[in-house]
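Everything below concerns the one structure shown next.
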Amino acid sequence: MHYPSTRGRAPAASLSDAIAAGLAPDGGLYVPGQLPSIDLAAFDPDGDLAATATTLLAPFFAGDALVDALPAICTEAFTLDTPLRPLARADALLLELFHGPTAAFKDVGARFLAACLCRLRQGQSAPLTILVATSGDTGAAVGAAFHGQPGVRVVILYPDDRVSPRQAHQLGCFGDNVHALRVAGSFDDCQRMVKTALNDARLQREVPLSSANSISLGRLLPQMSYYAHAALGWWHAHGRPLDFIIPTGNLGNAQACLWARAMGLPIGEIRLACNANATLPEFFAGADYRPRDATATLANAMDVGAPSNFERLRWLFHGDDDALRRALRATSIDDATIRATLLRHAREHGEVVCPHTATALAVLEQAPRRDGRAWAVVATAHPAKFELVLEPLLGHSLAVPPALAAMLQRPSHAASMPVDDQAFQQWLRTP
Ligand SMILES: *Cc1c(COP(=O)(O)O)cnc(C)c1O
């Protein structure tokens, strides 16, 4: 399969090249030339997540240099469970995506990308530096996935004072080939510094650079797997498609679900749960697409005013915005509702979720009950990662999952960095 750019002004790339490059040279995003349609009978009903992923992703790897490595890549990347657990509401389930090493769904994409990139780098003499700007979860997932891998160095940039203390500790705890930079600015400053460095051809010649942000196909494609796995399990047990409610920021996770549905997996409705950043809900309600600056909310990993994957969504519908609006729904949930939902579910049902997952629970409360159908609410992170929001609200401390606890016990170090491209690039050049 070949991968054109959404902007159509760059040559189509192989999967390996698209994964290695991240962004297409015309500034667009790489997309599958056509979405393969999948035969449900090809999946082993008793297979685990890695087996489902291998079958699902095979057509995307057809003809690529990585095709023979796909089963091994899936075995390496999909070591975590993604259980569907019952919720108090009888027609609803929680799809828990936070059982990876850094307790957020981003572990899946980061581990898959690492398994691909490390194979692509084999035999190259110069080490590759992977830049990642993060508001919290992405940096930790990418750091954990590449920690100790030969031939790569990871540089994480995060906004000083704008991530939770636990998140900051996690970002600085890796050491070795993973470096954390505490930037005296905002997340947007971090992202701009990364982009400027990536676009600097002279710097690239001295220090080969790549990025691991959420627009990478190497992160997006594997995220289809847990939707496929959950929907297939439900299909085999109940003979019906499963409907999803997805906490959404940059639209990577929801885009993956939409691709899986378009390939013919038994996925019914898809609803997006957004926070007060209402760019998508306004568009889906019929307004023009109007990207803007992000506002800070309790669900901070979704504080996005210009979702980068929107371009892929439009491309999938050939620019027909009305058809796109019929395919999805999106709802904006404000902070007061996030708080009330968190509190109500914890008190009434013992359901303690992270603030992002709470936006999806709030959308569930507005969703209809239909005979024989079920909503899978996607739980994107473990609640213990957001202790500063949850503990004062609930009035008790939260048990930390073992992998996260182990990271919090390691020493942590981050170098400080001004918002200054020269200083950053000098730091990158210094071995
Ligand atoms: C990144 C993130 C999201 C948003 O996912 P997108 O793919 O950017 O839409 C939601 N919840 C958590 C916990 C996240 O880390």
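The figures that follow rest on heavy atoms only: side chains count, while hydrogens, waters and symmetry mates do not. For ligands, and for the atoms within them, numbers begin at 1 and follow the listed sequence. Just so we're clear, the structure is a prediction, and the values are computed from it rather than from any experiment.
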Problem - Within-4.5 Å side-chain heavy-atom neighbours: Arg153 and Leu428 - result: yes
Handout entry: N/O separation below 3.5 Å, Thr248 to ligand 1
Key = no
Practice task
Cation-pi check, Arg271 to Phe244: give yes when NZ or CZ is under 6.0 Å from the six-membered ring centre and within 45° of the ring axis, no otherwise.
Solution key: no
Exercise for the section: For Phe310 and Tyr289, run ring-ring contact (aromatic ring centres under 6.0 Å, His included): C-alpha distance rounded to whole Å, both residues' side-chain angles, the deciding distance at 0.1 Å, then the answer. Expected result: CA-CA 9 Å; Phe310 188 71; Tyr289 178 67; 3.9 Å; yes
Problem - atom 5 (O) of ligand 1 - nearest protein heavy atom and its distance - result: Phe105 CZ, 3.4 Å
Exercise for the section: May I ask you to test the Arg329-Glu269 pair for a side-chain heavy-atom distance under 4.5 Å? Expected result: yes
Exercise for the section: Report yes if some heavy atom in the side chain of Leu94 is under 4.5 Å from a heavy atom in the side chain of Trp375; otherwise report no. Expected result: no
Handout entry: Validation row: Gln366, Ile333 side chains within 4.5 angstrom (heavy atoms)
Key = yes
Exercise for the section: Verify whether one side chain among Thr359 and Asn275 offers a donor that lies under 3.5 Å from an acceptor in the other. Expected result: no
Problem - Nitrogen or oxygen atoms of Leu251 and ligand 1 under 3.5 Å apart - result: yes
Practice task
Specify the protein heavy atom at minimum distance from atom 12 (C) of ligand 1: its residue, its atom name, and the distance to 0.1 Å.
Solution key: Thr380 OG1, 3.4 Å
Completion exercise
Checking Asn253, Val142, Thr138, Thr380 against Lys106 for side chain to side chain contact (heavy atoms under 4.5 Å, CB included), the one that qualifies is Thr138
Practice task
Considering only non-hydrogen protein atoms, determine which one is nearest to atom 2 (C) of ligand 1 and report residue, atom name and distance to 0.1 Å.
Solution key: Lys106 NZ, 2.4 Å
Problem - Cationic N near anionic O, under 4.0 Å, Glu351 to Arg85 - result: no
Exercise for the section: Give the numbers and elements of all ligand 1 atoms closer than 4.0 Å to a heavy atom of Asn253. Expected result: 7 (O)
Practice task
May I ask you to list the atoms of ligand 1 that are less than 4.0 angstrom from any heavy atom of Gly252?
Solution key: 6 (P), 7 (O), 9 (O)
Completion exercise
Here the atoms of ligand 1 under 4.0 Å from any heavy atom belonging to Met302 are 3 (C), 4 (C), 10 (C)
Handout entry: For ligand 1, the portion of Gln255 having any non-hydrogen atom under 4.0 Å away
Key = neither
Problem - Atoms of ligand 1, numbered as shown, that sit under 4.0 Å from any heavy atom of Ala381 - result: 13 (C)
Practice task
Starting from atom 4 (C) of ligand 1, locate the nearest protein heavy atom and write down its residue, its atom name and how far away it is, to 0.1 Å.
Solution key: Gly249 N, 3.7 Å
Practice task
Name the closest protein heavy atom to atom 8 (O) of ligand 1, giving the residue it belongs to and the distance to 0.1 Å.
Solution key: Asn250 N, 2.8 Å
Handout entry: Sub-4.0 Å heavy-atom contact, Phe98 with ligand 1
Key = no
